[in-house]
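Structure first, then comments.
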Amino acid sequence: MRAYLTAGASALALIGMAIAAEPVPGEEAGGLPQLDPSTYASQIFWLLLTFGALYFVMSRIFLPRLGGVIEERRNRIADDYDQAADFKRQAEEAEAGYEKALADARARAASIAAETKASIDAEIAEMEEESETRLEGEIAAAEARIAETAEKARDAVAEAARETTQAIVEALIDETPSQETVNEALSNVRSEARARAA
Amino acid sequence: MNPAFDLTSWLFSLARGVAAGPMEQFEIVPIVPLSFGDGLDLSFTNASLWMLISLGTALLFFTWATRRSELVPGGAQGSAEVIYEFIAKMVRDTIGEDGRRFFPYIFTLFVFVFLANLLGLLPSTPGTPAALHTFTPTSHIIVTFTLAVLSVGIVVLYGLFKHGFAFLRLFVPSGVPVWLLPLITPIEIISFLSRPVSLSVRLFANMLAGHVVIKVFAGFVAVLIVSGGVLSAISILPLIGIVGVFILEFLVAFLQAFVFAILSCIYLQDALHPAH
């Protein structure tokens, strides 16, 4: 503790002396070191030397280098922007082409569908017509056959009636009537029956 | 060698260190004396040394930053480009596009003043000779005055070169009634002549004051810490003060370099457009 105190006191004394005699260092030069003109020549000389050297190196080497790389970067970015715009334009063109191709394909598909439908319709109509004529022919043939059969049946009935009449008359009067008489009688009966029916 | 003795001697050496007056740090100490006849003394001094250190730091930094010029910059190149763009924008905004020719000068000015301010904040190694102590070249009025005269000299020379006699219109503001000119013109001339003075004193005084304040606070710390008891405890306060002022000094180092550069820009604008 005593040692500290001694040291402290000594230090205090030293500081006190220093502060009291504040301009001690520059005193022989007269106050502030800054105001000692004997140092001016040297300071100006070395300042101009170092400043000049720095200016020379900066303007010749470092500033062109820094400016160059900044300029280059700026150009590169501008180029990249241009290129990006170019790519965008190309993409838009490609998209337009794609849209157009799509629309064309759609239109072609629609026209093909319409054509196919028309040809199928025509075919169907043709087939329908064909089958109709065939059916009509068949119907006509069948009707003719029916009429023929009916005629034959009528003839057969008339024959049968004549023969039956001939046989009945033969049995009744034992006389064979002539063909004409029977026919006449039968046609009379038929017309009578018709008249009665009417 | 008991610990108490060590501590005492350490305290003594500390006391001797801080006992130096707050002005001692600005003393010019010759390292290599160079004297020419007629009392012309161009000695290589500690001031010269720290100017060289500023120059060397700038060269090292920019060599390293531009060793590979990459399109996607790394840390050093990125920060060098930030300084470049910063100064370029400042020159463009204050002087205009035709200020491009002054860009290398303003850039050099900013870098040199900033590094001189900043490197002067490095702590000195205790116990080394005074010639090796950290020194701030910009804390000397003659240095800042030389730089200011350089800036204003460029303004005058370039203005006369570019506009000839018309450069003197700088002192005759347009739009002022003729009867006021005898009053205005001397004011303009005085304000023009005071430019190098205000420019240099601003930088010099800022650097001087910052270093003096740190030194004085350091003296307080030393005085209080050796006083013992409560006073030793209180010594933390000026210590905090030192830390605060030290941090502030980094800001000042940048700010004063910036102010010096931008004011030089504004004065150079006069050289290009004297009729204002």
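By convention in this document, chain letters (A, B, ...) are assigned in the order of the sequence lines, proteins followed by strands, and residues within each chain are numbered from 1. Since the model is a prediction, treat every value here as computed from it, not as a measurement.
Using a 4.5 Å cut-off between non-hydrogen atoms, the part of residues 67-98 of chain A that approaches chain B consists of A:Gly67, A:Val69, A:Ile70, A:Glu72, A:Arg73, A:Arg74, A:Arg76. By a heavy-atom distance cut of under 4.5 Å, not one residue of residues 123-136 of chain A is near chain B.
The side-chain heavy atoms of A:Leu66 and B:Phe62, taken from C-beta on, include a pair separated by under 4.5 Å. Using a 4.5 Å cut-off on side-chain heavy atoms (C-beta onward), A:Phe51 and B:Leu109 make contact. Taking 4.5 Å as the limit, every side-chain heavy atom of B:Leu40 sits out of range of all side-chain heavy atoms of A:Phe45. Between B:Ile141 and A:Tyr40 the shortest side-chain heavy-atom distance falls below 4.5 Å. Looking at heavy atoms from C-beta onward, A:Phe62 lies in side-chain contact with B:Thr63 at the 4.5 angstrom threshold.
With values rounded to the nearest 0.5 angstrom, A:Gln43 atom CD is found 11.0 Å from B:Asp41 atom CG. A distance of 10.0 Å separates CD1 of B:Ile87 from CG of A:Leu63, quoted to the nearest 0.5 Å. Of the inter-residue distances, the one linking A:Leu54 atom CG with B:Leu52 atom CG reads 11.5 Å to the nearest 0.5 angstrom.
Taking both residues in full, the closest heavy atoms of B:Val143 and A:Leu47 are given as O-CD2, 3.5 Å, listed atom of the first, atom of the second, then distance. Of all the heavy atoms in B:Met51 and A:Trp46, the pair that sits closest is SD-C, 3.6 Å.
Most heavy-atom pairs under 4.5 Å with chain A, from the set B:Ser139, B:Gly56, B:Pro30: that is B:Ser139. For the set B:Thr45, B:Leu150, B:Leu59, the count of heavy-atom pairs under 4.5 angstrom toward chain A peaks at B:Leu59. Between chain B and the residues A:Thr39, A:Ile61, A:Leu49, the largest count of heavy-atom pairs under 4.5 Å involves A:Thr39.
Both the backbone and the side chain of A:Ser59 have a heavy atom closer than 4.5 Å to some heavy atom of chain B. Interface residue B:Ala80: backbone and side-chain heavy atoms are both found under 4.5 Å from chain A. For B:Phe145, no part lies near chain A; criterion is any non-hydrogen pair under 4.5 Å. Looking at B:Ser54, there are no atoms closer than 4.5 Å to chain A (heavy atoms on both sides), in backbone or side chain. Using a 4.5 Å cut-off between heavy atoms, B:Tyr84 touches chain A through its side chain atoms alone.
Side-chain atoms of A:Ser42 come within 3.5 Å of backbone N or O of B:Ser43 as a donor-acceptor pair.
The side-chain hydrogen bond (donor to acceptor under 3.5 Å, both in side chains) contacts involving residues 146-158 of chain A comprise A:Glu151-A:Arg154, where partners must be two or more places apart or lie in separate chains. Sorted by first and then second residue, the side-chain hydrogen bond (donor to acceptor under 3.5 Å, both in side chains) pairs involving residues 98-117 of chain B (not counting sequence neighbours) are B:Glu97-B:Arg100, B:Arg101-B:Tyr158, B:Tyr105-B:Ser151, B:Asn117-B:Thr138.
For the side-chain contact (heavy atoms from CB on, under 4.5 Å) with A:Leu32, the qualifying choice from B:His140, B:Met23, B:Glu27 is B:Met23, the only one to do so.
Residue A:Phe56 places its CZ atom among 12 or fewer non-hydrogen atoms of other residues, nucleotides or ligands, all under 6.0 Å distant.
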